[in-house]
Amino acid sequence: NNIRVGYTIPAKLTQQIGINSVNIFVSGDNLFLLSSRKGYNPATDEAGTSSIYRYDPISTYTLGVKVKF
């Protein structure tokens with residue numbers, strides 16, 4: 001459902017400019033949903049007890065930098 005990939009720059013490079021650590025990351029939520037009907041969420045109740053037609057959740061992407069002084 002979600003993934004996060006990051007890289008921490010080696011301390012010997014960051015300490016030269018007065019920073020303890022720098023971490024760069026990218027993350028994503030709701031990136032993949034397998035369904036034979038485009039846009040339909042297969043996790044929806046199929047028993048007929050709900051009249052709600054549910055669509056895929058929105059995919060979100062985040063890019064970030066974490067700096068420790």
Side-chain angles (χ1 to χ4, degrees):
N1 193 27
N2 57 30
I3 187 169
R4 178 179 170 153
V5 178
Y7 176 74
T8 301
I9 297 173
K12 67 180 183 179
L13 297 176
T14 60
Q15 289 176 345
Q16 293 174 358
I17 57 174
I19 298 174
N20 288 334
S21 68
V22 176
N23 179 267
I24 301 167
F25 65 91
V26 62
S27 67
D29 294 310
N30 302 317
L31 300 178
F32 182 78
L33 181 65
L34 186 60
S35 174
S36 61
R37 291 170 52 187
K38 185 175 180 175
Y40 181 70
N41 185 348
T44 303
D45 184 16
E46 295 294 328
T49 57
S50 174
S51 62
I52 298 172
Y53 186 81
R54 301 186 102 181
Y55 292 92
D56 292 348
I58 295 174
S59 295
T60 57
Y61 306 92
T62 305
L63 175 66
V65 178
K66 183 178 178 181
V67 179
K68 291 185 181 178
F69 292 95

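Worth saying up front: this structure is predicted, and the values here are computed from it rather than measured. Values below: all heavy atoms of this structure, side chains included; hydrogens, waters and symmetry mates excluded.
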Linked, directly or transitively: Ile19 and Val65 (ILVMFWY side chains, under 4.5 Å): yes
Distance-minimising heavy-atom pair for Asn20 and Ala11: O-CB, 4.3 Å
Ile9-Val5 co-clustered via ILVMFWY side chain contacts under 4.5 Å: no
Val22 with Phe69, same ILVMFWY side-chain cluster at under 4.5 Å: yes
Hydrophobic cluster partners of Phe25 (side-chain heavy atoms under 4.5 Å): none
Thr8 versus Asn23, side-chain donor and acceptor atoms under 3.5 Å: yes
Interatomic distance, Gln15 atom CD to Ile17 atom CD1 [nearest 0.5 angstrom]: 10.5 Å
Nearest-0.5 Å distance, OG1 of residue Thr62 to CG of residue Asp29: 6.5 Å
Distance (rounded to the nearest 0.5 Å) between Tyr61 OH and Ile3 CD1: 11.5 Å
Closest heavy-atom pair and its distance - Ser59, Leu31: OG-CA, 4.0 Å
Between CD1 on residue Ile24 and CG on residue Leu63, distance to nearest 0.5 Å: 8.5 Å
